[in-house]
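In what follows, a single structure is set out as structure tokens and then discussed.
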Amino acid sequence: MPYSRPLTRRHITQAGLGLLAASALGARAQGAWPAKPVRVVVGFSAGGTTDIVARLMAKELTEALGQPFIVDNKPGGGSNIATDQVRAAEPDGYTLLMMAVTSTINQTLYTNARFKLERDFDGVALCAKMPNILVVNPNVPAKTVPEFIAWLKAQGDKVSYASSGSGTSIHMAGELFKVRTGTHAVHVPYKGSAPALTDLMGGQVQYMFDNMISAWPHVQGGKLRALAVTTKQRSPSAPDVPTMEESGVAPFDVTSWFGLVAPKGTPKAVLNKINDTVNLAFDKPEVMQAYAKLGAVVEKNSPQDFNRFIHAEVEAWAPVVKASGARVD
């Protein structure tokens with residue numbers, strides 16, 4: 001039997017001092033956050049809505065906290081590639097995800113998703129809400145939703161619609177529209193709104209439900225025609241565009257949103273620091289003006305508020321996904 005010396009008071013004291021030193025070092029490291037650049041992962045291509053919101057918030061966080069917040073686009077899998085990458089990251093505050101409503105849809109839509117949002121992520125801050133908007137290529141003759149429905153039915157199987165990816169609120173809005181109107185169109189998923197809008201304007205697809213923030217500038221530029229917004233109220237940014245329900249398609253209420261989350265176990269002090277900075281940004285007139293131009297609205301919230309919001313969204317979207325019949329393996 002190997003010989004081992006009994007622990008003395010000196011050994012115990014040294015061990016205790018070592019633990020105290022490690023604890024102090026950890027506290028200093030946490031207190032110094034951020035001590036290096038922070039990565040903000042986006043599950044869609046540059047130029048789309050999620051990317052636009054991420055870059056607006058990254059700019060504010062960079063200026064306020066003194067370290068670069070770098071947007072890293074990782075499109076694919078309806079944002080699941082990015083979501084799973086952040087899920088597996090160290091919970092040290094240096095990897096964040098700009099989550100979209102898409103992720104709460106994917107929880108039900110994808111049978112093989114590796115993540116569970118409430119198990120794997122901590123909410124940080126809800127950053128923006130906005131309506132989706134039904135836009136068509138200008139060559140489509142319809143000027144109203146009833147005219148568009150009649151045109152769709154006359155086209156048979158010749159029409160296709162774009163989305164920013166399977167499982168996005170844009171995709172689900174398109175599926176819900178087909179269910180509510182008895183129309184048919186082929187779904188063409190893209191890796192983000194930007195490439196989808198490019199093909200829509202080019203005539204490769206005929207229509208799309210897109211976020212107001214990315215589609216509206218093209219409507220204003222005459223490259224797309226807006227037929228309706230998907231929320232119960234009209235958008236202040238587009239007061240002349242009717243709602244889907246006003247246009248005779250009811251019930252129909254789809255809201256897109258975007259918010260920062262971190263891997264589960266990220267220090268609460270870090271979560272609160274980011275949250276405080278985001279809420280302070282909402283007090284800046286220039287930030288609010290930028291949001292208003294893009295049709296987005298914001299409201300101050302806490303990490304706990306955002307966690308509850310994510311839970312409610314998962315619960316709300318599950319029956320919609322199941323009713324649509326959409327599934328991705």
Side-chain angles (χ1 to χ4, degrees), residues 22 25-46 48-62 64-107 109-110 112-128 165 167-168 191-192 257-278 301-307 309-311 313-314:
L25 182 62
R28 284 198 300 273
Q30 181 173 315
W33 183 94
K36 61 182 181 178
V38 178
R39 191 164 63 112
V40 181
V41 181
V42 173
F44 301 97
S45 301
T49 310
T50 314
D51 178 73
I52 292 170
V53 175
R55 291 181 189 278
L56 180 60
M57 289 294 98
K59 177 178 180 292
E60 294 300 316
L61 289 163
T62 296
L65 299 178
Q67 287 286 347
F69 280 68
I70 301 168
V71 174
D72 185 8
N73 298 90
K74 297 289 183 182
S79 81
N80 283 355
I81 292 173
T83 304
D84 196 53
Q85 186 178 102
V86 176
R87 174 193 67 82
E90 287 294 321
D92 56 8
Y94 291 100
T95 305
L96 305 173
L97 174 71
M98 180 57 79
M99 180 186 286
V101 59
T102 306
S103 294
T104 59
I105 296 169
N106 289 353
Q107 188 87 54
L109 181 69
Y110 283 79
N112 62 350
R114 297 178 182 178
F115 59 84
K116 295 290 184 183
L117 297 180
E118 295 177 81
R119 179 194 69 195
D120 297 326
F121 294 95
D122 287 319
V124 181
L126 179 60
C127 297
T168 60
K191 292 183 178 181
W257 54 263
F258 310 89
L260 289 167
V261 298
K264 180 68 76 174
T266 298
K268 285 185 171 54
V270 172
L271 302 179
N272 290 332
K273 196 169 188 178
I274 301 171
N275 180 271
D276 289 344
T277 305
V278 169
N301 61 99
S302 68
Q304 294 76 23
D305 292 333
F306 192 28
N307 282 328
F309 180 83
I310 291 170
H311 172 79
E313 285 287 286
V314 171

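Note that this is a predicted model, so its numbers are computed, not measured. Both backbone and side-chain heavy atoms feed into the values below; hydrogens, waters and symmetry mates do not.
- In this structure, V40 and M57 have side chains that are not in contact, with every pair of non-hydrogen atoms separated by 4.5 Å or more.
- Closest of all the heavy-atom pairs between N275 and A125 is ND2-CB, 3.6 Å.
- The backbone N or O of F44 sits less than 3.5 Å from a side-chain atom of N73, completing a donor-acceptor pair.
- Here the shortest heavy-atom pairing between G93 and V270 reads CA-CG1, 3.9 Å.
- H311 places none of its side-chain heavy atoms less than 4.5 Å from the side chain of N307.
- Taking every heavy atom of both residues into account, N272 and P303 meet most closely at OD1-CG, 3.7 Å.
- Using a 4.5 Å cut-off on side-chain heavy atoms (C-beta onward), V278 and V124 make no contact.
- Between the side chain of K191 and the backbone N or O of K74, no donor-acceptor pair lies under 3.5 Å.
- Under the salt bridge (Lys or Arg N to Asp or Glu O under 4.0 Å) criterion, K116 pairs with no residue, sequence neighbours left out.
- The closest side-chain heavy-atom distance from L117 to V314 is below 4.5 Å.
- Under the 4.5 Å side-chain criterion, counting only non-hydrogen atoms from C-beta, T168 is not in contact with V101.
- A donor-acceptor distance shorter than 3.5 angstrom exists from the side chain of D122 to the backbone of G265, with no hydrogens or angles considered.
- Ionic pairing of K273 and D276 is not present here: no N-O contact between side-chain nitrogen and carboxylate oxygen is shorter than 4.0 angstrom.
- Nearest heavy atom pair, residue D51 against residue S45, reads CB-O, 3.6 Å.
- At distances below 3.5 Å, at least one donor-acceptor pair connects side-chain atoms of Y94 with backbone N or O atoms of A35.
- Qualifying salt bridge (Lys or Arg N to Asp or Glu O under 4.0 Å) partners for D305, counting only residues two or more places apart in sequence or in other chains: R308.
- Counting heavy atoms from C-beta outward, W33 and D92 have side chains that stay 4.5 Å or more apart.
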Worksheet item: Taking it one step at a time, do T102 and T50 satisfy side chain to side chain contact (heavy atoms under 4.5 Å, CB included)?
Response: CA-CA 10 Å; T102 306; T50 314; over 6 Å; no
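- Remark: F306 pairs with W257 by the ring pair (Phe, Tyr, Trp, His ring centres under 6.0 Å) rule, at least two apart or across chains.
- Summarising the geometry, atom CZ belonging to R114 is positioned 10.0 Å from atom CG belonging to N80; distances are rounded to the nearest 0.5 Å.
- Annotation: the span from N106 atom CG to S79 atom OG amounts to 5.0 Å, rounded to 0.5 Å.
- Separation of atoms CZ (R87) and CG (L97) is listed at 12.5 Å; rounding is to 0.5 Å.
- Here the CD1 atom belonging to I310 is positioned 10.5 Å from the CD atom belonging to Q107, to the nearest 0.5 angstrom.
- Atoms SG and CD, on C127 and E60 in that order, are 11.0 Å from each other to the nearest 0.5 Å.
- The CZ atom of F258 sits 11.0 Å away from the OG atom of S103 when rounded to the nearest 0.5 Å.
- Across all their heavy atoms, L271 and A262 have their closest contact at CD2-CB, 3.9 Å.
- Residues A82 and G43 come closest through the heavy atom pair CB-CA, 3.5 Å.
- Checked against L96 for a side chain to side chain contact (heavy atoms under 4.5 Å, CB included), the options I274, V86, V42, V41 give a single hit: I274.
- Side-chain contact between T95 and R39: present, with at least one pair of heavy atoms (C-beta onward) separated by less than 4.5 Å.
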